[in-house]
Amino acid sequence: MSLIPNFFGGRRSNILHPLSLDVWDPFRDFPYSNSLTISFSGENSAFVSTRIDWKETPEAHVFKADVPGLKKEELKVEVEDDRVLQISGERNFEKEDKNDTWHRVERSSGKFMRRFRLPEDAKMDQIKAKMENGVLTVSVPKMEVKKPEAKAIEISG
């Protein structure tokens, strides 16, 4: 039983239930298209929002991307001359059989690309990438920054 009246017809759900996964869209059943509404289905669903963490350790810059279900052959890690790391990939749509009845489509499909400008201390020729349990890890070693030695100057006078 829905706690919000269903004025516009369509499906009924309990969006106020704490375990409900339904997202209430107040514009869903309006007869016009609203450019502010977000579409979560089909080609408009964005695999582009692939989450990537970037942490800096004393030895390296480490990027971790969640890419569940993708094989390493479906990913591409590139570095451009102007110190830009680019991580991209594509998850293809599942083949649709005419006998199948879809009840819910929540997994996103499509292409994604993320770009990061690397700092000056990155060793561009020693970048490594590995894939493990649906997580792509790109490690960019850092150059050692030598601190200038301080020379004591005698003060005369």
Side-chain angles (χ1 to χ4, degrees), residues 2 8 10-147:
S2 176
F8 303 108
R11 68 181 179 89
R12 298 176 60 101
S13 68
N14 185 355
I15 62 165
L16 297 178
H17 189 278
L19 300 177
S20 174
L21 296 176
D22 292 333
V23 177
W24 180 57
D25 180 5
F27 303 105
R28 173 178 294 147
D29 296 312
F30 279 107
Y32 60 88
S33 173
N34 184 345
S35 63
L36 297 177
T37 59
I38 301 171
S39 175
F40 291 105
S41 62
E43 294 177 2
N44 294 334
S45 70
F47 188 41
V48 294
S49 64
T50 296
R51 308 283 188 207
I52 298 179
D53 296 335
W54 176 1
K55 74 175 178 179
E56 182 176 355
T57 67
E59 299 82 29
H61 295 275
V62 180
F63 297 84
K64 289 192 176 195
D66 288 337
V67 288
L70 289 183
K71 299 174 190 150
K72 67 179 184 177
E73 296 81 21
E74 297 172 316
L75 295 169
K76 190 185 292 186
V77 178
E78 301 172 303
V79 178
E80 298 175 1
D81 291 335
D82 54 348
R83 310 183 75 79
V84 175
L85 173 69
Q86 179 175 301
I87 301 172
S88 60
E90 181 174 6
R91 175 177 290 143
N92 294 320
F93 293 103
E94 191 170 320
K95 300 285 186 201
E96 189 171 324
D97 187 357
K98 293 181 181 180
N99 297 328
D100 292 343
T101 301
W102 290 86
H103 293 280
R104 187 178 288 261
V105 177
E106 294 182 344
R107 296 182 307 141
S108 56
S109 301
K111 296 180 180 181
F112 75 93
M113 181 181 69
R114 300 290 306 273
R115 297 168 55 107
F116 302 92
R117 179 161 312 278
L118 296 172
E120 293 293 322
D121 66 350
K123 290 183 180 179
M124 304 299 288
D125 57 340
Q126 296 181 12
I127 297 174
K128 294 187 187 325
K130 70 176 182 174
M131 180 84 157
E132 188 175 326
N133 296 327
V135 178
L136 172 69
T137 302
V138 180
S139 184
V140 183
K142 293 168 51 176
M143 289 186 242
E144 293 181 26
V145 179
K146 295 183 180 179
K147 294 181 182 177

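- Under a 3.5 Å cut-off, the side chain of Arg83 and the backbone N or O of Ala122 do form a donor-acceptor pair.
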Intermediate values then yes/no, side-chain contact (heavy atoms from CB on, under 4.5 Å), Asp81 and Met124: CA-CA 9 Å; Asp81 291 335; Met124 304 299 288; over 6 Å; no
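- Residues Trp54 and His61 approach most closely at NE1-ND1, 3.2 Å, considering heavy atoms.
- A distance of 12.0 Å separates OG1 of Thr50 from CE of Met113, quoted to the nearest 0.5 Å.
- One finds the CD atom of Gln86 at 8.0 Å from the NZ atom of Lys76 (value rounded to the nearest 0.5 Å).
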Mind listing the side-chain donor-acceptor pairs of residues 125-144 below 3.5 Å, one per line with the distance, residues two or more places apart or on another chain?
from   : atom 1 : to    : atom 2 : distance (Å)
Lys142 : NZ     : Glu56 : OE2    : 2.6
Lys142 : NZ     : Thr57 : O      : 3.2

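- Using a 4.5 Å heavy-atom cutoff, the side chains of Val77 and Phe63 are not in contact.
- Other residues, nucleotides and ligands place more than 12 heavy atoms under 6.0 Å from the NZ atom of Lys123.
- With hydrogens and angles ignored, the 3.5 Å screen pairs no side-chain donor or acceptor of Arg91 with any backbone N or O of Glu74.
- Residues Leu75 and Phe112 share a closest heavy-atom pair of CD2-CZ, 3.7 Å.
- Between the side chain of Arg51 and the backbone N or O of Asp66, no donor-acceptor pair lies under 3.5 Å.
- In this structure, Leu85 CG and Arg115 CZ are separated by 10.0 Å, a value rounded to the nearest 0.5 Å.
- Within the model, atoms CD of Glu80 and CG of Leu118 stand 10.5 Å from one another, a figure rounded to the nearest 0.5 Å.
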